[in-house]
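Each residue takes its place number in the sequence, starting with 1. The model shown is predicted, which means the values in this text are computed figures rather than measured ones.
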Amino acid sequence: MTNVIKLSEARVGQRGVITEVGSHCHHQVEDVELERRLLELGFVEGARVELIHQGLFGRDPIAMKVDDMRVALRRKEAASLTVALDAAPDVSLPEAAE
């Protein structure tokens, strides 16, 4: 089962795939403009993202890898992106060699 969250809620080190860009509610001119800018930056459905850094004060801005690029966004902007997080890796201890 995948965990679907807003990108603004992600923590450093979390990875996933973008499932939705924008709210698809085009009543506000600002929302349409933000969605357009995010798409131009490479935030498209299916793109792989990883949160790599967050600011010290208010955890803003956040820096992430988007496929092979690095991009910084405000958390308010990142709230427009929905991400399906990867399953947490199994961190069990390796078997002792005999």
Using a 3.5 Å distance criterion without hydrogens, assess whether the side chain of Thr82 forms a donor-acceptor pair with backbone atoms of Thr19.
no
Heavy-atom pair with the smallest gap, counting every atom of Gly42 and Ala47
O-CB, 3.8 Å
Is Val83 linked to Leu39 within one hydrophobic cluster, defined over Ile, Leu, Val, Met, Phe, Trp and Tyr using a side-chain heavy-atom separation of less than 4.5 Å?
yes
Can you tell me if CZ on Arg15 sees more than 12 non-hydrogen neighbours from other groups inside 6.0 Å?
no
Under 6.0 Å from the NZ atom of Lys6, do we count more than 12 heavy atoms belonging to anything else shown?
yes
Residue pair Val49 / Ile18, side-chain heavy-atom distance below 4.5 Å
yes
Apply salt bridge (Lys or Arg N to Asp or Glu O under 4.0 Å) to the pair Glu77 and Arg37, showing each step before the final yes or no.
CA-CA 10 Å; Glu77 296 166 338; Arg37 288 186 320 164; 3.4 Å; yes
Which distance, rounded to the nearest 0.5 Å, do you find between the CD1 of Ile62 and the CG of Leu73?
6.0 Å
When rounded to the nearest 0.5 angstrom, what is the spacing between CG in Leu85 and CG in Leu7?
9.0 Å
When rounded to the nearest 0.5 Å, the distance separating CD of Glu20 from OG of Ser80 is 9.5 Å
Applying side chain to side chain donor-acceptor pair (under 3.5 Å), name anything that partners Arg36, two or more places apart in sequence or on another chain.
Glu33, Glu40
Measuring only between side-chain heavy atoms, which start at C-beta, is Val21 closer than 4.5 Å to Glu45?
yes
Would Val17 and Leu41 show up in the same hydrophobic cluster when neighbours are defined by side-chain heavy atoms closer than 4.5 Å?
no
Kindly list each side-chain donor-acceptor pair under 3.5 angstrom involving residues 63-71, sequence neighbours excluded, with atom names and distances?
residue : atom : partner : partner atom : Å
Asp67   : OD1  : Arg48   : N            : 3.1

